[in-house]
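Residue numbers start from 1 in every chain, and the chains themselves are labelled A, B, ... in the order their sequence lines are given, proteins ahead of strands.
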Protein chains: 2
Amino acid sequence: MPRWKPDAVDRLQAAALDLFDEQGFERTTVAEIAQRAELTQRTFFNHFPDKREVLFGMSSQLQQEIVSEIEAADHDLPPLDAVLGALEVVADKLLESRRDVVVRRYAVIAANPELQERELGKNAVLTEAIAAVLTARGCDPATAFLAAGAAMLAQQAAFQRWTRPGETRTLRDLLPDAVRALRTTVDRAS
Amino acid sequence: MPRWKPDAVDRLQAAALDLFDEQGFERTTVAEIAQRAELTQRTFFNHFPDKREVLFGMSSQLQQEIVSEIEAADHDLPPLDAVLGALEVVADKLLESRRDVVVRRYAVIAANPELQERELGKNAVLTEAIAAVLTARGCDPATAFLAAGAAMLAQQAAFQRWTRPGETRTLRDLLPDAVRALRTTVDRAS
DNA sequence: TATGGTGATTGCACAAGCTGAAATCACACT
DNA sequence: AGTGTGATTTCAGCTTGTGCAATCACCATA
């Protein structure tokens, strides 16, 4: 008999998502999450630096994949295309298959300002990471930041569509449409 | 003799900015801020819903001005131009004159992840507000979101330049350059 | 001048988030 | 058998944030 039940982190993440979904983020205490996972509050904080972070276990992996994908891309591609290609691959590889969990998680985040701020923070870090890779590829920093930001903006627009109930297209297919719409909007100005 | 010294909010904001600047956000307690402003911790929380918010007194006014400016803009302007025009006016009216304070505040925010998240949250709320005004002007919601996001992206790029030491141009003048760079980046993709 | 309402401030008690330090003890390795 | 590792736990404590009741100068009105 093992000393402890395995997969403590997974149990905490699952318990947290369930509880946030059932009763909301604010009405759920860390002690409650730990209890449902058959652990203590202190153990929760051994695995996650704060209460919000339990919902963002995926984002580090996501960022790694995207960065790798950009690094592997053809060096002649314009920066925005390199980023968009990476986002498409990752959408297929990591998001599309787990659509229900992703949507459920997104609903929880959308219901709470604190979680939205954390999500924005993760997106900002990802944007900076993307810009850094582009800069390493020879892009000048200002252009790299704009390309990364534009790609993330299109991604956000596509994601919003993708999470709408009744939407049947894949995230990967929605992204190019969002990019076209962005280009149209930007070109129509000035 | 008045019962209390006047301008409690101003004193709290000033004390907070000074302390955050001197010793960092995390190392500063709310009790400390209140003490320097000759008030109590409880009074701090009467004026600000949380510790971070003391740095963001300006953002509500900023948002109001931008929204008003867009509402007042010519209805025939493309959405992005309407937003950019508003950002330029507000840059001149509210930011350029207080450049030193703005830069100091920005340095404090840049030094702390919690504050960055709050800043991102404020920007997101502003983006949504802009998109809402554009939608009210007849724009479809998806386009409104992209126009608002693109304008904020350019604004961010221009702001980063503006806060660089040695930069002499005004924020208003830097914005069109950022927009041109964004357009170039977006157009270069396929 | 008297009177009573207003409202910013305060003290107190308490929930919840988060942390450092020390103790526990199955498991693996020797 | 003996020892070290490391995930977990307990505990004590600090900080953030909130609800509630009390204070008391100021002000409008009689």
>> According to salt bridge (charged side-chain N to carboxylate O under 4.0 Å, His left out), who are the partners of B:Asp50, at least two apart in sequence or on a separate chain?
In response: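 Only B:Arg118 meet the salt bridge (charged side-chain N to carboxylate O under 4.0 Å, His left out) criterion with B:Asp50.
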
> For B:Arg137, which residues count as a salt bridge (charged side-chain N to carboxylate O under 4.0 Å, His left out) partner, sequence neighbours excluded?
Replying inline: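 Once residues adjacent in sequence are excluded, B:Arg137 has no partner under the salt bridge (charged side-chain N to carboxylate O under 4.0 Å, His left out) criterion.
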
>> Which residues in residues 20-35 of chain A have a heavy atom closer than 4.0 Å to any atom of DNA chain C?
In response: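 Result for residues 20-35 of chain A: A:Thr28, A:Thr29, A:Val30, sorted by number.
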
Length of the line joining [X]:[atom1] and [N]:[atom2], which is rounded to integer Å:
| X | N | atom1 | atom2 | value |
| --- | --- | --- | --- | --- |
| A:Asp10 | D:dA7 | CG | C1' | 15 Å |
| B:Glu53 | D:dT18 | CD | C1' | 17 Å |
| A:Lys51 | C:dC18 | NZ | P | 8 Å |
| B:Arg52 | C:dG17 | CZ | P | 14 Å |
| A:Phe48 | C:dG17 | CZ | P | 15 Å |
| A:Phe45 | C:dA21 | CZ | P | 18 Å |

>> Taking ring pair (Phe, Tyr, Trp, His ring centres under 6.0 Å) as the cut-off, I'd like each qualifying pair that reaches into residues 170-190 of chain B, sequence neighbours left out, listed once.
In response: none

>> Which residues pass the side chain to side chain contact (heavy atoms under 4.5 Å, CB included) test with B:Ala158, not counting sequence neighbours?
In response: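 Side chain to side chain contact (heavy atoms under 4.5 Å, CB included) list for B:Ala158, sorted by chain: B:Leu171, B:Leu174, B:Leu175, B:Ala178.
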
> Can you name the residues that form a side chain to side chain contact (heavy atoms under 4.5 Å, CB included) with A:Ala37, not counting sequence neighbours?
Replying inline: A:Arg11, A:Leu12, A:Ala15, A:Leu39

>> At under 4.0 Å between heavy atoms, how does the protein contact nucleotides 5-14 of chain C? Give one character per nucleotide, 5' to 3', with B, S or -.
In response: --BBBBBB--

Tell me which donor-acceptor pairs under 3.5 Å the side chains of residues 182-190 of chain A have, and how far apart each pair is, sequence neighbours excluded?
unit_1: A:Arg183; atom_1: NH1; unit_2: B:Val186; atom_2: O; d: 3.0
unit_1: A:Arg183; atom_1: NH1; unit_2: B:Ala189; atom_2: O; d: 3.0
unit_1: A:Thr184; atom_1: OG1; unit_2: A:Arg180; atom_2: O; d: 2.9
unit_1: A:Thr185; atom_1: OG1; unit_2: A:Ala181; atom_2: O; d: 2.9

>> Could you check whether any side-chain heavy atom of B:Leu120 comes within less than 4.5 Å of a side-chain heavy atom of A:Glu117, counting everything from C-beta outward?
In response: no

Which pairs of donor and acceptor atoms, one on a side chain in residues 54-65 of chain B, lie under 3.5 Å apart (sequence neighbours left out)?
unit_1: B:Ser59; atom_1: OG; unit_2: B:Phe56; atom_2: O; d: 3.1
unit_1: B:Glu65; atom_1: OE1; unit_2: B:Lys93; atom_2: NZ; d: 3.1

